[in-house]
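As structure tokens, the structure follows; a few thoughts come after it.
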Amino acid sequence: MTALDDPWLSPARPEVRLVQVPAPALAALAAGHADGAERAVPGLRIDPGLATDHCRRVWQIRAEQVQERPADASWVTRLLVDSSLVAATSAAGSGTGLGPGPATPGGTAVGRAGFHGPPDARGTVEVGYEVVPWARRRGYARAAMDALLAVARDRADVRVLRATVSPDNVASRALVASFGLVEVGEQWDDEDGLETIFELPVV
């Protein structure tokens, strides 16, 4: 069974992993300080895009959640890390200052992904993921879903994997459908508006 506190690996892309966010890094990201978060996770570069106002709200929710329910920390939003992506040492890297390099214990966080919390009474876990703009269309969201599905299938306490997606988010709808999730209904989210509910039994 998957050890919840360990990094969660993408079976299809072993260089991509989901790393649990320690409390000091979670607080720094919630405050919008990527550099402060980096100090809490030595060897890991955190893209500044993960500390923008758009992302801060998610980190704030998770920080409050973990403070109230510490056991949730192993389940909730993690850093989406590519261990093969390191700081470029020359102008040949890329416009982001990053380039491919040897796999290291660190790497670069290019997004966030995880569950909204531990399984509910039905055994349902809901996924969430986002990739910083410059790293999109490089397969990171797919790798994140791959890792999350692997964890869900390996846990005896998880029975259903859920994703909620905006009706106009064509890319995300296609992604979850490609993993076998099917539409089961709709819901209204106070922050995100109308969402389509997708689910997949994992037992």
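Numbers here are sequence positions counted from 1. FYI, side chains are in, hydrogens and waters are out, and symmetry mates aren't considered; it's all heavy atoms of this structure.
- Cluster membership for V165 and V160, using ILVMFWY side-chain heavy atoms within less than 4.5 angstrom, is not shared.
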| request: Determine, step by step, whether L175 and M145 satisfy the side-chain contact (heavy atoms from CB on, under 4.5 Å) criterion, reporting the C-alpha distance in whole Å, the side-chain angles of both residues, the deciding distance to 0.1 Å, and the verdict. | output: CA-CA 8 Å; L175 175 65; M145 273 293 296; 3.9 Å; yes
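- Qualifying side-chain contact (heavy atoms from CB on, under 4.5 Å) partners for P48, counting only residues two or more places apart in sequence or in other chains: R45.
- In this model, a donor atom of one side chain and an acceptor atom of the other lie less than 3.5 Å apart for E126 and T164.
- No side-chain donor-acceptor contact under 3.5 Å links Q65 and H116.
- Ion pairing between a basic and an acidic side chain is recognised when a charged N comes within 4.0 Å of a carboxylate O; E199 and R159 show no such pairing.
- Put simply, I197 and L194 are part of two different groups of oily side chains (I, L, V, M, F, W, Y) that touch within less than 4.5 Å, one to the next.
- N169 contributes atom CG, which lies 10.5 Å from atom CD of E195 (distance to the nearest 0.5 angstrom).
- Partners of Y140 by ring-ring contact (aromatic ring centres under 6.0 Å, His included), not counting sequence neighbours: none found.
- The line from CG of D82 to CD of E15 is 5.5 Å long, rounded to the nearest 0.5 Å.
- Contact detail for V158 and A152: the closest heavy-atom pair is CB-O, 3.6 Å.
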Residues 74-81 side chain polar contacts: donor-acceptor under 3.5 Å, at least two apart:
| unit_1 | atom_1 | unit_2 | atom_2 | d |
| --- | --- | --- | --- | --- |
| S74 | OG | D5 | OD1 | 2.5 |
| T77 | OG1 | R62 | NE | 3.0 |
| R78 | NH1 | D6 | O | 2.9 |
| R78 | NH1 | L18 | O | 3.2 |
| R78 | NH2 | L4 | O | 2.2 |
| R78 | NH2 | S74 | O | 2.9 |

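- The nearest pair of heavy atoms linking L50 to C55 is O-CB, 3.4 Å.
- Judged as a side-chain contact (heavy atoms from CB on, under 4.5 Å), and not counting sequence neighbours, the contacts of D120 are R122, T124.
- Residue pairs satisfying the side-chain hydrogen bond (donor to acceptor under 3.5 Å, both in side chains) criterion with at least one member in residues 142-152, sequence neighbours excluded, are listed as follows: S10-D146, R142-S178.
- Within 6.0 Å of CD in Q67 there are 12 or fewer heavy atoms belonging to other residues, nucleotides or ligands.
- A147 approaches W8 most closely through the heavy-atom pair CB-O, 4.1 Å.
- L148 CG to F179 CZ: the interatomic distance, rounded to the nearest 0.5 Å, is 9.0 Å.
- In the hydrophobic cluster analysis, where Ile, Leu, Val, Met, Phe, Trp and Tyr join through side-chain heavy atoms closer than 4.5 angstrom, L200 is grouped together with V125.
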Solution key, residues 20-42 side-chain donor-acceptor pairs under 3.5 Å, sequence neighbours excluded:
| unit_1 | atom_1 | unit_2 | atom_2 | d |
| --- | --- | --- | --- | --- |
| E38 | OE2 | I46 | N | 2.8 |

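- Taking CZ of R173 as the start and OG1 of T196 as the end, the distance is 4.0 Å to the nearest 0.5 Å.
- In this structure a side-chain-to-backbone donor-acceptor pair under 3.5 Å is present from R136 to V131.
- Of all the heavy atoms in L44 and G107, the pair that sits closest is CD1-O, 3.5 Å.
- Of all the heavy atoms in V176 and A163, the pair that sits closest is CG1-CB, 3.8 Å.
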